[in-house]
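A, B, ... follow the sequence lines: proteins, then strands. Residue 1 opens every chain. All values below come from the heavy atoms of this structure, side chains included, with hydrogens, waters and symmetry mates left out.
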Amino acid sequence: MAVVCTASRVLTKKILSAKALLAVSQSSRKLHFSIYGKNEAKVSDGISTQYPVVDHEFDAVVVGAGGAGLRAAFGLSEAGFNTACVTKLFPTRSHTVAAQGGINAALGNMEGDDWRWHFYDTVKGSDWLGDQDAIHYMTEQAPHAVVELENFGMPFSRTEDGKIYQRAFGGQSLKFGKGGQAHRCCCVADRTGHSLLHTLYGRSLRYDTSYFVEYFALDLLMEEGECKGVIALCMEDGSIHRFRSKNTVIATGGYGRTYFSCTSAHTSTGDGNAMVTRAGLPCQDLEFVQFHPTGIYGAGCLITEGCRGEGGILINSEGERFMERYAPNAKDLASRDVVSRSITIEIREGRGCGPEKDHAYLQLHHLPPQQLATRLPGISETAMVFAGVDVTKEPIPVLPTVHYNMGGIPTNYKGQVLTYTPEEGDKVVPGLFACGEAACASVHGANRLGANSLLDLVVFGRACAHTIADICNPGEKLSPLKPNAGEESVANLDKLRFADGSMRTSEIRLNMQKTMQNHAAVFRTGKVLKEGCDKMDAVYQTLDDIKTFDRGIVWNTDLVETLELQNLMLNAVQTINSAEQRQESRGAHSREDFKDRMDELDYAKPLAGQVRKPIEEHWRKHTMSTVDPKTGKVTLKYRPVIDNSLDAEDCAAIPPAIRSY
Amino acid sequence: MLSVLVAKRLVSGVCQESLRPAVVELVTTRGYKGEAPDDSRGDIIEIPLPPWAEKDGETMDIKRRRLLFQSRKRGMLENCILLSLFAKQYLNTMNEPQLRQYDRLINEPSNDWDIYYWATEAQPVPDVYAGEIMDLLKEFTKNKDQEQRLDAPNLEYLDKGSQ
């Protein structure tokens with residue numbers, strides 16, 4: 001049997017390499033077809049003889065089962081749509097589970113509150129790169145979304161009077177910044193993320209949502225600019241599945257793993273962004289990557305700001321408490337981006353710690369051990385487990401660490417994916433939606449506020465479901481799909497599975513991560529970015545020389561990690577090229593050589609008498625990047641920011657101003 | 001109002017003292033992530049998820065391959081690194097009952113943080129997960145050799161061809 005298989009594999013390999021996979025029944029191998037899915041899962045002969053292909057038809061397909069994906073899947077199922085949710089992870093194991101903070105909503109339970117103040121905070125937090133119609137939508141819907149979640153069964157923490165307890169979080173204020181700290185963050189003890197996933201997953205099952213767990217989505221099925229579904233690999237048995245649908249929702253999360261050091265799980269590989277890029281569609285604002293000042297060096301696990309709040313200090317290789325120089329008053333408790341920049345400057349100027357002088361130290365051993373044990377118990381464990389450091393004796397190696405991606409797939413406030421041309425403006429891509437960290441609505445603009453991310457997931461997951469329910473009916477007939485749709489994806493899969501070049505997946509991945517870390521980190525300068533773009537291009541080309549070692553098809557982790565590397569690479573080239581082109585500092589994108597924001601007017605001076613710059617001459621605009629996957633060449637275009645809210649009378653838009661706290 | 005809160009904390013403090021004898025003062029075990037108000041676990045009680053079931057008919061080899069993927073791809077970074085290093089060390093030498101224990105440990109709990117808290121001994125292990133594999137994991141987590149655990153290992157240790 002094994003001999004026959006090997007022989008036929010060699011035969012089919014020859015067919016594959018000779019031309020496209022249109023030769024339907026020329027393989028001598030007997031194929032084993034198995035049928036999955038509940039409804040008319042047809043087996044297809046159309047694309048590959050080597051991989052059994054199963055076709056499914058659904059009213060809606062959601063890719064990703066995190067907070068946003070589950071909310072969309074649940075909303076669609078509740079509205080009567082036959083919904084499939086395709087996910088590479090079990091739903092409660094999506095990265096949303098890491099979220100321990102909470103969801104912002106202007107419920108007004110702790111003090112008088114108004115969603116328009118939350119709107120103001122978010123617009124300002126985004127450094128005026130956020131689209132105000134989407135921000136209006138999100139902040140206005142926030143209270144409804146939280147109450148809805150409560151009705152679904154999410155056990156929010158309560159005050160003594162039984163109302164939802166709300167706590168303070170950074171960047172949230174009252175009365176348009178003039179009324180002091182706002183308390184808007186609703187939470188479920190410290191497991192808000194987990195509770196969100198558990199509640200939505202459990203409820204969606206009652207509406208008969210079909211989950212395809214541990215299926216890796218490969219590509220979108222696009223025909224004439226319309227999205228007709230998704231093609232995926234089933235890891236359990238290596239079969240290929242085409243999920244045909246009129247509505248595809250992408251909710252695949254961020255791509256922190258392009259960097260050497262990030263707080264995200266190893267699952268954050270930008271799969272959705274890459275699928276969209278391979279379909280020839282643009283991604284938006286990928287250069288805006290949020291850094292948290294203290295992640296453990298290498299491992300990247302988050303070390304909470306609470307450490308510095310308890311008296312922990314940052315030191316350089318000379319043992320100096322360097323924050324005293326950069327922020328004489330706030331010192332180690334300065335705002336996140338100031339601390340991140342300070343650490344980076346110390347390293348650049350040669351005062352970094354460790355054998356490669358590439359990180360800083362967070363010192364806690366001057367604090368009484370009892371205080372460490374009681375107030376920061378988790379830190380001691382994490383430091384020992386991941387840095388081999390005993391915090392009562394040695395400092396923890398830390399580095400500013402990638403934490404969140406503000407950019408992603410461009411959508412309008414309804415969740416529909418967009419393309420843009422100056423002549424025709426925004427155009428919706430029929431059949432395609434996106435929500436969550438994968439999307440860019442854009443509510444976070446150039447910088448995200450804490451506890452707005454979980455809100456983003458719920459509101460826009462819900463928005464996608466509502467929009468689909470508005471424009472479609474359950475049970476509508478699907479338009480025909482070419483019999484060989486998705487063959488390129490299967491050819492790519494096969495190529496990677498038998499790849500025998502000279503560079504291992506892990507080598508190429510490390511090269512990419514180090515390049516991004518060294519050239520597109522906290523502090524960016526033109527020369528360093530340009531070098532980075534060239535290096536990244538070289539790394540991209542080495543993908544052709546990749547070597548994998550696992551030739552199996554069942555539970556092939558090597559293959560999946562290689563597919564993820566391809567996806568990460570597409571995200572990385574767009575990120576670094578967009579950053580190189582953007583010649584200003586805005587939000588999380590900080591340029592040493594262009595320290596100021598460059599808007600259409602100079603908002604630091606009186607506006608009277610100033611002439612508005614045309615869009616080509618200023619930077620208050622969205623970057624739209626596309627890549628040619630064969631060459632790795634990135635093309636950049638720009639799209640204006642939406643400055644009007646959904647209803648000028650109900651909620652006045654906030655004109656740009658200088659951002660100071 | 002204040003005294004009610006204090007009273008509540010006293011009660012929870014006393015209960016937690018038995019879980020973490022080293023901690024004398026009144027603090028919730030995960031307090032470092034900010035205030036952690038009481039958790040009623042209403043969602044877990046009222047919305048039960050389909051129970052986890054062992055997979056039938058899997059060869060040991062396939063089980064190992066599946067558990068490798070499931071060890072490396074977790075909900076948060078701490079578990080990704082911890083479990084993939086653990087899998088590198090132990091997965092290929094586990095016998096069948098051990099594999100089944102490990103399968104249950106990493107696939108049945110719904111909240112990934114729980115596995116981390118059990119492994120770091122911040123929370124007590126529920127009886128259903130206690131056993132040989134959990135003990136191995138706890139020991140492994142202690143990092144007695146104080147090795148640096150900078151990241152999840154690359155897969156090449158599985159490549160027989162290169163050895």
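- Atom SG of A:C301 and atom OH of B:Y116 lie 6.5 Å apart (nearest 0.5 Å).
- Note: B:I62 CD1 to A:E236 CD = 9.5 Å, rounded to the nearest 0.5 Å.
- Here A:R191 pairs with B:D43 in a salt bridge; the nearest charged N to carboxylate O distance falls below 4.0 Å.
- In this structure B:E139 satisfies the salt bridge (charged side-chain N to carboxylate O under 4.0 Å, His left out) test together with B:K142, B:K144, sequence neighbours excluded.
- Taken to the nearest 0.5 Å, the CG atom of A:L559 stands 11.0 Å off from the CG atom of B:L155.
- Between A:L89 and B:R74, the closest side-chain pair of non-hydrogen atoms is not below 4.5 Å.
- Across B:E58, B:E46, B:Q70, the residue that shares the most heavy-atom pairs under 4.5 angstrom with chain A is B:Q70.
- Side-chain contact between B:N111 and A:V97 is present, with at least one heavy-atom pair separated by less than 4.5 Å.
- The most heavy-atom pairs under 4.5 Å with chain A, out of B:N79, B:L68, B:I81, come from B:I81.
- Proximity of B:M76 to A:T263: side-chain heavy atoms (C-beta onward) are nowhere separated by under 4.5 Å.
- Salt bridge status for A:E214 with B:R66: absent, with no side-chain N to carboxylate O gap under 4.0 Å.
- Per-residue counts of heavy-atom pairs under 4.5 Å with chain A were compared for B:L77, B:L82, B:D112; the largest is that of B:L77.
- Note on ring orientation: taking the six-membered ring where Trp is involved, the planes of B:F69 and A:W555 are tilted (angle from 30° to 60°).
- Taking 4.5 Å as the limit, every side-chain heavy atom of B:R65 sits out of range of all side-chain heavy atoms of A:T557.
- Within the 4.5 Å cutoff, no side-chain heavy atoms of A:M384 are placed close to those of B:T141.
- For B:N107, the parts sitting under 4.5 Å from any heavy atom of chain A are the backbone and the side chain alike.
- Ion pairing of B:E156 with A:K547 is absent here, as no side-chain N (NZ or NE/NH1/NH2) approaches a carboxylate O to less than 4.0 Å.
- Counting heavy atoms from C-beta on, the side chains of B:E78 and A:F386 come closer than 4.5 Å.
- Both the backbone and the side chain of B:I44 come within contact range of chain A, judged by heavy atoms closer than 4.5 Å.
- Nearest heavy-atom pair, A:H198 versus B:S110, reported as atom, atom and distance to 0.1 Å: ND1-OG, 3.7 Å.
- A:L510 is not listed as a side-chain neighbour of B:N154, based on a closest heavy-atom distance of 4.5 Å or more.
- Judged by distance alone, with hydrogens and angles left aside, the side-chain atoms of A:H266 form no donor-acceptor pair with the main-chain N or O of B:K73 at under 3.5 Å.
- Contacts of B:I106 with chain A are made by backbone atoms alone, with heavy-atom separations under 4.5 Å and no side-chain atom involved.
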Tell me, with the steps shown, if B:D159 and A:R504 meet side-chain contact (heavy atoms from CB on, under 4.5 Å).
-> CA-CA 11 Å; B:D159 183 3; A:R504 296 174 170 289; 3.1 Å; yes

